[in-house]
**Student:** 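Have a look at the structure that comes next, please.
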2 protein chains.
Amino acid sequence: MESRTVSIKDVADRAGVAVGTVSNVLNHPARVSAATRERVQGAIDELGFVRNDAARQLRAGQSRTIGLIVLDVGNPFFSSLARAAEDCAAENGSTVVLGDSGQDAGREARYIDVFEQQRVQGMLISPVGDVGPRVEALRSRGMPVVLVDRTDTQRRCSSVSVDDVAGGYMAVRHLLEAGRRRIVFVGARADYRQVADRLTGARQAVEEHDGAVLEVVEAEAMTVLAGRDVGGEIAQRRTGELPDGIFCANDLLAIGVMQAVLLIRGLRIPEDIALIGYDDIDFSASAVVPLSSVRKPTTLMGRTAVELLLEEIEGPASRRRQVIFDPELVERGSTQAAVRAAG
Amino acid sequence: MESRTVSIKDVADRAGVAVGTVSNVLNHPARVSAATRERVQGAIDELGFVRNDAARQLRAGQSRTIGLIVLDVGNPFFSSLARAAEDCAAENGSTVVLGDSGQDAGREARYIDVFEQQRVQGMLISPVGDVGPRVEALRSRGMPVVLVDRTDTQRRCSSVSVDDVAGGYMAVRHLLEAGRRRIVFVGARADYRQVADRLTGARQAVEEHDGAVLEVVEAEAMTVLAGRDVGGEIAQRRTGELPDGIFCANDLLAIGVMQAVLLIRGLRIPEDIALIGYDDIDFSASAVVPLSSVRKPTTLMGRTAVELLLEEIEGPASRRRQVIFDPELVERGSTQAAVRAAG
DNA sequence: ACGTGCTAATGAAACGATTCAAAAGCGCGC
DNA sequence: GCGCGCTTTTGAATCGTTTCATTAGCACGT
């Protein structure tokens with residue numbers, strides 16, 4: 001339809017001005033007289049001119065784009081973090097482009113390459129495994145990087161993460177404050193650092209409290225189904241051996257436990273057993289008994305990550321900072337002590 | 001650390017060859033003798049050279065990037081579709097970059113602009129509202145566009161979508177085949193074309209079946225909570241007036257209905273009431289009674305969308321195609337007729 | 001008439017990779 | 001020693017934008 005692509009030169013010809021003037025209209029409107037500005041704008045509209053970002057970047061040496069690589073876009077934590085990052089970037093005139101590594105190191109590497117070739121301003125990476133070497137290489141070439149949901153133990157770059165020890169502590173302390181003493185921690189074989197941290201926090205809380213005991217039950221996986229198995233096992237215990245509080249390492253497990261406890265034996269939540277999960281997934285609020293949980297401050301994390309990155313972009317000499325957020329307790333029906341009979 | 005950025009010129013100097021030779025090593029290795037190739041490669045590694053995509057694109061006039069704009073990355077439908085699109089693109093040497101419009105027309109417009117300025121090869125758009133004019137403008141400038149999860153009634157561009165009428169038909173037909181006759185359709189005030197389509201399909205199925213009746217119940221929203229309200233209302237009906245099959249316009253509603261039906265009155269699923277949802281969200285498989293549902297072929301849709309786009313990129317003269325997929329029935333416990341007593 | 005002090009507009013140079021016509025290098029037969 | 005055919009290498013031109021030193025244009029005071 002149109003001649004292949006419309007360049008700034010075409011616009012200049014059409015408006016009867018020099019290319020530099022067109023560029024000024026686009027980038028420094030104040031430098032151009034109103035009349036000329038209008039004429040150029042008219043030509044732009046008529047011809048349907050769209051800036052060629054490649055040329056602009058080539059000249060500028062830098063783009064206005066931030067690369068964000070997440071482990072799984074399907075995970076609400078990441079999608080919500082991404083949303084926040086986008087908003088914060090937009091406020092600063094940048095755009096976030098998203099890459100989904102799907103926990104695959106190869107895909108992660110691909111995105112890092114693509115983003116570097118695109119000369120993004122910087123990258124936010126939620127790394128798959130050990131990205132130490134990759135990040136080191138990036139940094140040596142002057143590419144700002146901020147790690148997300150992971151601290152850099154060697155302090156090579158800034159990072160934004162969550163204190164899962166504090167989260168575990170918070171959850172169990174909440175159970176203790178609701179008067180529970182026989183606490184069960186349900187977690188999967190602790191491959192994940194995160195699960196181990198949550199357990200550590202749970203232990204701390206119990207140790208601070210005389211008369212409280214913590215039992216650790218291992219689930220097959222971090223899923224609803226595995227939770228149901230664990231819940232079934234617990235529900236079948238003799239009355240004297242029942243726990244009165246359960247902390248699950250994530251919400252899926254907790255929902256499974258809840259299903260089993262409510263249906264298999266007809267125990268009441270929270271009256272007989274108080275239950276709390278972790279992550280505060282969307283679903284938790286609408287479980288049969290709304291599930292208390294521990295929430296990561298995703299929005300804050302997304303914004304902070306972008307801010308740290310921009311800081312580093314503007315002042316490459318700035319110090320690396322490891323920002324660690326405390327998670328937040330979300331109280332819902334599954335731990336509400338209010339209705340509970342005294343004693 | 002390093003001198004600002006390493007260009008192909010630096011590599012050429014280091015290796016003692018001309019810039020054209022370096023370029024050939026990168027793009028047409030066969031044209032270069034093995035010895036030279038090795039020397040150049042060595043220089044590249046030593047200097048940590050990274051291709052400047054902006055310059056490459058500027059010269060080539062086109063990138064190897066596809067822009068994908070979705071309504072909500074948090075929605076599993078879109079995240080899974082994105083994953084498939086990425087895979088398919090990767091197989092064809094392209095990369096997908098993701099933009100999340102969050103159902104916001106402004107953000108959608110922003111991403112369209114950014115992608116167009118980046119001269120992406122083409123865009124996959126799951127549009128917020130009426131993108132007719134925008135798409136028209138893009139196309140007039142030669143930018144290939146494929147709509148996702150939406151047909152283009154005016155056939156201006158190719159599209160990939162799902163036949164929700166067929167989905168609704170499928171769901172209710174499944175209930176009928178399980179011997180159910182008193183069917184309830186639960187949907188929200190049908191703002192969404194999609195919900196209306198599902199109801200249309202449901203009606204068709206019922207009309208084909210003598211003695212079957214369909215009742216439509218309106219929920220406040222498409223949420224678990226709203227579903228629970230509807231389920232409570234239904235469960236409290238007198239025995240003779242109970243439905244024996246319920247089709248909910250999405251899984252969230254269905255899960256709410258399930259919670260209410262099971263807990264409030266202790267009815268059995270599927271023995272007393274068979275229940276089926278729509279969308280097949282992750283959670284459905286692990287509901288207390290695993291929920292039957294209707295699934296969109298997300299992976300296929302993602303791949304097809306990319307294929308249609310590539311088709312158009314390679315042959316701009318190719319005809320626009322509206323690909324409409326049939327959804328797929330997912331049978332689970334909530335409709336399993338097997339256990340049901342005869343009669 | 002001429003210099004001064006403005007603002008507005010100009011256009012060549014630069015960014016870094018790719019392309020391609022031309023040159024260089026080489027082996028070989030006469 | 002020379003020309004031929006082949007592969008390998010060269011380097012200037014190109015893409016579209018931004019930048020910035022210059023130039024143009026204009027009003028005003030002397």
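Quick caveat, the model's predicted, so the values are computed rather than measured. Below, chains carry the letters A, B, ... as their sequence lines are ordered, and counting in each starts from 1.
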**Student:** Is it true that A:Arg107 and B:Glu86 have a side-chain N and a carboxylate O under 4.0 angstrom from each other?
**Tutor:** yes

**Student:** Please determine whether a side-chain nitrogen of the Lys or Arg among B:Asp53 and B:Arg56 lies less than 4.0 Å from a carboxylate oxygen of the Asp or Glu.
**Tutor:** yes

**Student:** At 10 degrees resolution, what angle do the end axes of the helix from C:dA1-D:dT30 to C:dC30-D:dG1 form when each is taken over five base pairs?
**Tutor:** 80°

**Student:** In whole angstrom, what separates A:Asp53's CG from D:dT18's C1'?
**Tutor:** 13 Å

**Student:** Would you list the protein and nucleotides 10-13 of chain D atom pairs, both N or O, that sit under 3.5 Å from each other?
**Tutor:**
residue, atom, partner, partner atom, Å
D:dT10, OP2, B:Ala18, N, 2.8
D:dT10, OP2, B:Thr21, OG1, 2.7

**Student:** By side chain to side chain donor-acceptor pair (under 3.5 Å), which residues pair with A:Arg83, not counting sequence neighbours?
**Tutor:** B:Asp72, B:Asp100

**Student:** Inspect the contact between A:Asp152 and A:Arg155 and indicate whether a charged nitrogen and a carboxylate oxygen are less than 4.0 angstrom apart.
**Tutor:** no

**Student:** Just checking B:Ser23: base, sugar-phosphate only, or nothing, at a heavy-atom cut-off of under 4.0 Å?
**Tutor:** base

**Student:** Whether B:Glu91 and B:Arg303 form a salt bridge (side-chain N of Lys/Arg under 4.0 Å from carboxylate O of Asp/Glu) is what I want to check.
**Tutor:** yes

**Student:** Is A:Asn52 close enough to D:dT17 that one of its side-chain N or O atoms is under 4.0 Å from OP1 or OP2 there?
**Tutor:** no

**Student:** Enumerate the ring pair (Phe, Tyr, Trp, His ring centres under 6.0 Å) contacts for residues 5-60 of chain A, please, sequence neighbours excluded, ordered by first and then second residue.
**Tutor:** none

**Student:** First and last nucleotide of DNA chain C touching chain A, 5' to 3', heavy-atom cut-off 4.0 Å?
**Tutor:** C:dA8 to C:dG16

**Student:** If I take atom CG in residue B:Leu58 and atom P in nucleotide D:dT18, what distance separates them, rounded to the nearest angstrom?
**Tutor:** 12 Å

**Student:** Which of these passes salt bridge (charged side-chain N to carboxylate O under 4.0 Å, His left out) with A:Glu312: A:Arg139, A:Arg156, A:Arg321, A:Arg319?
**Tutor:** A:Arg139

**Student:** Would B:Lys296 and B:Phe325 count as a cation-pi pair here, with the cationic atom under 6.0 angstrom from the ring centre and within 45° of the axis?
**Tutor:** no

**Student:** Can you measure A:His28 atom NE2 to D:dT17 atom C1' for me and round it to whole angstrom units?
**Tutor:** 12 Å

**Student:** Please enumerate all residues that pass side chain to side chain donor-acceptor pair (under 3.5 Å) together with B:Ser33, with sequence neighbours excluded.
**Tutor:** B:Thr36

**Student:** When we call it a touch if two heavy atoms are under 4.0 Å apart, what does B:Val22 touch: a base, just sugar-phosphate, or nothing?
**Tutor:** nothing

**Student:** Measure NZ/A:Lys9 against P/D:dG16 and give the value in whole Å, please.
**Tutor:** 11 Å

**Student:** Write down the distance between CZ (A:Arg31) and P (D:dA21), rounded to a whole number of angstrom.
**Tutor:** 11 Å

**Student:** Look at A:Thr5 and D:dG16 and indicate whether a side-chain polar atom (N or O) is within less than 4.0 Å of OP1 or OP2.
**Tutor:** yes

**Student:** What is the distance from CZ of B:Arg37 to P of D:dT7, rounded to the nearest Å?
**Tutor:** 15 Å

**Student:** Using modelled atom types only, decide if a donor and an acceptor are shared between the side chain of B:Asp163 and the backbone of B:Ile324 within a distance under 3.5 Å.
**Tutor:** no

**Student:** Under a 4.0 Å threshold between the charged nitrogen and the carboxylate oxygen, would B:Arg51 count as salt-bridged to A:Glu116?
**Tutor:** no

**Student:** Nearest whole Å is fine: how far is D:dT18 C1' from A:Leu26 CG?
**Tutor:** 10 Å

